[in-house]
S.K.: 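Below you'll find the structure I mean.
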Amino acid sequence: MTSTVDTAAADASRSTPPSGLIAVARAPGWVRYALLAVGLAVAAWLPNGLYPAVAVDILCWALFAVAVDLLLGFTGLMSFGHAAFWGTSAYVTGLVAIHAGLPFPLAVLAGALAAAVLAVPIGYLAVKRTGIYFAMVTLAFAQMVYYVANEWRSVTQGENGLQGVPRSFFGMDLTDDYYFYYTILPIVLLGLAAAWRIVHSPFGRVLVGIRDNPARARALGYPVHRYKLTAFVLSGFIAGLGGGLFAVGHRFVSLDTLHWTTSGKAVIVVVLGGIGTLWGGVLGAGVVVRLEDWLSFSGFEAIGLVTGGIFVLVVVLFRRGIWGSVAALAHRLAARRR
């Protein structure tokens, strides 16, 4: 006889990954390794083809987008409050780096842990809701964190922000963004690898099952709220990792890191790249950050008008996002050849 646990495990193993990952998951091994090699090569080349400061921003926003996609694409929870974790980590990282003088990787780790701790109570209350109610609860908590940061001027410096965040790293000179990029690249790759491992683990398959049919997952014996809360905390940690690196990269932390528009931008990046594709968030971050940089240097002021227009076009014409549409097209072409 099979137990309920065995049945649940078997059901979780049969859970279908999001559509954007199907083509890659079913591709031959050499194709996956080739895509990985291309991605690493692009990451290594990036500061040579772009301004190093822009390349640093792309890495930070890529982590943020992957964190949001982990929650939105694989758990089915739309969060409009992830700026709370991004900004909290940025402030904690800045404070630790300024007052404790620790190497910036330790300061970033402290910020990410602070974001994860903050995600526990927020997630505990938020995951009991779904749909628009979940989004509104996360937005409300994020606005509360924004208010606290704005009023706690003795610590956060209020509207002036934290200035002069150091890039201390065992005596190395990292004032040049070019060298700083290659210093944080391994940290970003570890964060992306952790997200990939979460998605492809039995835990990640259960999340997909909960996303598709929470009632069935609950009937099979899975503690749905506990799984959602764990995913929420992990997402907050990865978002905090990006926020801490963003603070050190800019050497400045402002209230904008906690503003609701920051959460909205992260959601736009994920939708552009492709919800539920994981790597679509990385691609979307590159497109949005590079586009904003190009428009700002060209003297165009209505940047939001252009990015919003592109967002509408992608949603209308490529509903799976850039990465999801390309992956689906590749899957159809491979199916025809068979």
Side-chain angles (χ1 to χ4, degrees), residues 57 60-61 63-72 75 77-100 107-163 165 191 228-270:
D57 279 358
C60 298
W61 278 96
L63 274 178
F64 195 12
V66 167
V68 172
D69 195 27
L70 179 63
L71 202 61
L72 174 59
T75 316
L77 298 174
M78 168 73 83
S79 173
F80 278 119
H82 256 50
F85 312 124
W86 168 271
T88 296
S89 176
Y91 273 105
V92 172
T93 297
L95 291 170
V96 170
I98 293 172
H99 298 292
V108 170
L109 179 60
L113 290 175
V117 171
L118 178 64
V120 174
I122 294 178
Y124 179 79
L125 296 173
V127 298
K128 296 180 179 180
R129 301 292 181 263
T130 58
I132 189 63
Y133 302 104
F134 174 85
M136 291 299 100
V137 169
T138 55
L139 176 60
F141 276 112
Q143 289 302 100
M144 291 171 60
V145 175
Y146 177 88
Y147 176 80
V148 170
N150 187 33
E151 295 299 321
W152 202 0
R153 292 181 173 84
S154 61
V155 175
T156 65
Q157 307 304 315
E159 295 179 352
N160 295 325
L162 294 179
Q163 303 180 23
V165 178
K228 287 183 178 181
L229 176 59
T230 304
F232 193 88
V233 174
L234 290 173
S235 177
F237 177 84
I238 296 175
L241 199 63
L245 292 175
F246 186 82
V248 179
H250 284 254
R251 298 185 235 180
F252 175 73
V253 184
S254 69
L255 287 172
D256 286 342
T257 59
L258 290 167
H259 202 263
W260 67 268
T261 54
T262 302
S263 299
K265 180 179 175 179
V267 173
I268 290 176
V269 167
V270 172

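The figures that follow rest on heavy atoms only: side chains count, while hydrogens, waters and symmetry mates do not.
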S.K.: Can you measure from OG1 (Thr138) to CD (Gln143) and round to the nearest 0.5 angstrom?
M.R.: 10.5 Å
S.K.: Could you tell me which non-hydrogen atom of Phe80 sits nearest to which non-hydrogen atom of Ala135, and how far apart they are?
M.R.: CD1-CB, 3.6 Å
S.K.: Atom OG1 in Thr88, atom CD1 in Ile122: separation rounded to 0.5 Å?
M.R.: 7.5 Å
S.K.: What do the steps show when you test Val145 against Phe85 for side chain to side chain contact (heavy atoms under 4.5 Å, CB included), and what is the final call?
M.R.: CA-CA 9 Å; Val145 175; Phe85 312 124; over 6 Å; no
S.K.: Could you tell me if the side chain of Leu109 sits less than 4.5 Å from the side chain of Phe237, heavy atoms only?
M.R.: yes
S.K.: Dump the intermediate steps for side chain to side chain contact (heavy atoms under 4.5 Å, CB included) on Thr262 and Thr257, then the final yes or no.
M.R.: CA-CA 6 Å; Thr262 302; Thr257 59; 5.6 Å; no
S.K.: Does the ring of Phe232 carry Lys228 above it, NZ/CZ under 6.0 angstrom from centre and within 45° of its axis?
M.R.: no
S.K.: To check you understand the geometry: which heavy-atom pair defines the closest contact between Val165 and Ala97, and what is its length?
M.R.: CG1-CB, 4.1 Å
S.K.: For the pair Ser254 (side chain) and Gly161 (backbone), establish whether a donor and an acceptor sit closer than 3.5 Å, ignoring hydrogens and angles.
M.R.: no
S.K.: If you draw a 6.0 Å radius around CD in Glu151, do more than 12 non-hydrogen atoms from other residues or ligands fall strictly inside?
M.R.: yes
S.K.: Tell me the closest heavy-atom pair linking Leu241 and Ser89, and the distance in Å.
M.R.: N-OG, 4.4 Å
S.K.: Quick one: OG on Ser263 to CE on Met78, what's the gap to the nearest 0.5 Å?
M.R.: 11.5 Å
S.K.: Distance check, rounded to the nearest 0.5 Å: Leu162 atom CG versus His250 atom NE2?
M.R.: 14.5 Å
S.K.: Shortest non-hydrogen contact from Arg129 to Val137?
M.R.: CG-CG2, 4.4 Å
S.K.: Could you walk me through whether Phe141 and Met144 pass the side chain to side chain contact (heavy atoms under 4.5 Å, CB included) test, one step at a time?
M.R.: CA-CA 5 Å; Phe141 276 112; Met144 291 171 60; 4.0 Å; yes
S.K.: Please indicate whether Tyr124 has more than 12 foreign heavy atoms, meaning atoms of other residues, nucleotides or ligands, lying under 6.0 Å from its OH.
M.R.: no
S.K.: Scan for salt bridge (charged side-chain N to carboxylate O under 4.0 Å, His left out) pairs involving residues 255-266, sequence neighbours excluded, and state none if there are none.
M.R.: Lys265-Glu292
S.K.: Are Tyr91 and Leu258 packed together at the side-chain level, in the sense that at least one heavy-atom pair is separated by less than 4.5 angstrom?
M.R.: yes
S.K.: Any chance you could measure Leu77, atom CG, to Leu71, atom CG, to the nearest 0.5 Å?
M.R.: 4.5 Å
S.K.: Shortest non-hydrogen contact from Ala266 to Phe64?
M.R.: CB-CE2, 3.7 Å
S.K.: Can you give me the closest heavy-atom contact between Val233 and Ala119, atom names plus distance?
M.R.: CA-CB, 3.9 Å
S.K.: Let's go through Trp86 and Cys60 carefully: what are the C-alpha distance in whole Å and the side-chain angles of both, what is the deciding distance for side chain to side chain contact (heavy atoms under 4.5 Å, CB included) to 0.1 Å, and is it a yes or a no?
M.R.: CA-CA 10 Å; Trp86 168 271; Cys60 298; 4.0 Å; yes
S.K.: Rounded to the nearest 0.5 Å, how far does CG of Leu234 lie from CG of Leu229?
M.R.: 9.5 Å
S.K.: Show your reasoning for whether side-chain hydrogen bond (donor to acceptor under 3.5 Å, both in side chains) applies to His82 and Ser235.
M.R.: CA-CA 9 Å; His82 256 50; Ser235 177; 2.7 Å; yes
